[in-house]
Amino acid sequence: MIRHAVLFTGYELKKAFSNPIWPLFGILQPILYLLMFAPLLKTMTPGGTTVDALRMFTPASMMMIAVFGSMFSGFGLIAELRNGSLERYAVSPAWRPAIVLGRVAKDMVLLVCQAVLVLVVAIAMGVRIGALELVLVLLLMAATGLFASGLSQGLALTVRDENGMSQTLNLFMLPIMLLAGLFVPISFAPDWMKFLAPANPLYHAVEAGRALFYGQLTDSSIPIAFAVFITLAVLTTIWSMRSLRKIAG
């Protein structure tokens, strides 16, 4: 089981890094947000400095990478389903769940690389974070990305069409981003958005990330975010593996 999962992970990583320009493009947007958008938030922070704005926006950009960097990984699965590669993997002697787990693990490796680059840029711009807080942020980002990757694989195996999947993602993407407070904290939003925000799982991840960047380890948002995304990650991963079994027969 472990050997097959590692083999598929290595295979997916080899494909991903065979043309490293695409993973690089995936991180450019959050870095551009750090450089060009975060300074605009200075007036919304207590200190009113660029560092305060970055401390508020950096965890949001990391969660943005975790969700939207992994959410589109299922498109490759649809392509393999169409050209018959997925069926060949599924009928091979390999452990079937390893096909999905390899893709999910590849997404986690790419997330770590992207998170490190974002943190390097943020630190270069003056942001500071404790070692324990940093580890917790990365773990939370991994759990968030695991949920998004599992959801993407399961959705791809269920919809089996790029147009249908892209329309589904585009329908929910903007409301999820706004109700999570990715760009502007929910505290500045209208009352009806504040009421709806807790129903959005990403909101809890963003709030927990900000609490960690401010060194507030006792903040209640942290255990809530971990509980929500660990549960969702397990559920979506199981769903994606079961969807693969149905296709393989």
Side-chain angles (χ1 to χ4, degrees), residues 26-71 111 114-115 117-130 133-134 136-145 147-148 151 169-229 232:
I27 196 175
L28 283 180
Q29 185 178 16
I31 288 180
L32 289 175
Y33 273 121
L34 281 181
L35 295 174
M36 304 177 68
F37 181 77
L40 301 178
L41 303 176
K42 290 191 293 184
T43 58
M44 298 182 179
T45 59
T49 66
T50 300
V51 172
D52 290 319
L54 286 168
R55 191 178 290 118
M56 179 177 67
F57 187 73
T58 301
S61 67
M62 294 177 69
M63 298 309 158
M64 185 191 306
I65 293 173
V67 171
F68 299 110
S70 301
M71 193 69 78
L111 285 181
Q114 292 173 337
L117 289 176
V118 168
L119 285 170
V120 168
V121 173
I123 291 172
M125 296 177 71
V127 175
R128 296 294 179 266
I129 182 173
E133 289 87 347
L134 176 59
L136 290 175
V137 167
L138 292 176
L139 288 175
L140 179 59
M141 185 180 179
T144 305
F147 152 72
L151 179 62
L169 293 178
N170 288 330
L171 175 64
F172 293 102
M173 186 181 301
L174 184 60
I176 287 174
M177 288 193 299
L178 296 178
L179 288 176
L182 279 176
F183 301 113
V184 179
I186 288 296
S187 58
F188 293 94
D191 290 338
W192 67 270
M193 290 184 68
K194 294 178 184 177
F195 176 76
L196 292 176
N200 179 10
L202 187 57
Y203 162 80
H204 300 287
V206 172
E207 291 296 305
R210 285 179 175 144
L212 289 168
F213 265 76
Y214 279 101
Q216 301 168 351
L217 286 170
T218 58
D219 194 279
S220 61
S221 64
I222 299 172
I224 292 174
F226 273 101
V228 167
F229 275 98
L232 289 176

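Keep in mind that what you see is a predicted model, and the values were worked out from it rather than measured. All residue numbers in this chain count up from 1 along the given sequence.
Residues Leu182 and Phe68 are in side-chain contact: their nearest non-hydrogen atoms beyond the backbone lie under 4.5 Å apart. Looking only at side-chain heavy atoms (C-beta outward), Phe213 and Met56 stay at 4.5 Å or farther from each other. Residues Asp191 and Lys194 have side chains in contact (heavy-atom distance under 4.5 Å, counting atoms from C-beta outward). Counting heavy atoms from C-beta on, the side chains of Val51 and Met125 never come closer than 4.5 Å. With contacts defined as side-chain heavy-atom distances shorter than 4.5 Å, the pair Leu119/Val137 does not qualify. Ser61 places a side-chain heavy atom less than 4.5 Å from the side chain of Val118.
Between Leu179 and Ala197, the shortest heavy-atom contact is O-CB, 3.4 Å. Listed here is the closest heavy atom pair of Phe57 and Leu41: CD1-CD1, 4.0 Å. Between Arg128 and Ile123 the shortest heavy-atom distance is NH1-O, 3.0 Å. Summarising the geometry of Ala115 relative to Met141, their closest heavy-atom pair is CB-SD, 3.4 Å, with the distance given to 0.1 Å. When every heavy atom of Arg210 is checked against every heavy atom of Ala60, the shortest pair comes out as NH2-CB, 3.8 Å. Nearest approach of Ile222 to Leu217, heavy atoms of both residues: CD1-O, 3.7 Å.
Rounding to the nearest 0.5 Å places CD1 of Ile224 at 9.0 Å from OH of Tyr203. Taking CG of Leu32 as the reference point, atom CZ of Phe37 lies at 13.0 Å (rounded to 0.5 Å). Leu178 CG to Asn200 CG: the interatomic distance, rounded to the nearest 0.5 Å, is 10.0 Å. Taken to the nearest 0.5 Å, the CG atom of Leu196 stands 9.5 Å off from the CD1 atom of Ile186. Rounding to the nearest 0.5 Å places CD of Glu207 at 10.0 Å from CD of Gln216.
The main-chain N or O of Arg55 is never found under 3.5 Å from a side-chain atom of Thr58 such that the two would form a donor-acceptor pair. Panel note: side chain His204, backbone Ser221; no donor-acceptor pair is recorded below 3.5 Å.
When the shell of 6.0 Å around CZ of Phe188 is examined, it contains more than 12 heavy atoms from other residues, nucleotides or ligands.
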Go through Met177 and Leu202 one step at a time and tell me if the side-chain contact (heavy atoms from CB on, under 4.5 Å) criterion holds.
CA-CA 8 Å; Met177 288 193 299; Leu202 187 57; 5.6 Å; no
How far apart are the C-alpha atoms of Thr50 and Lys42, what are their side-chain angles, what is the distance that settles it, and do they pass the side-chain contact (heavy atoms from CB on, under 4.5 Å) test?
CA-CA 6 Å; Thr50 300; Lys42 290 191 293 184; 3.3 Å; yes
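The aromatic rings of Phe229 and Phe147 sit perpendicular to each other, their planes meeting at more than 60°, with 30° as the lower class boundary.
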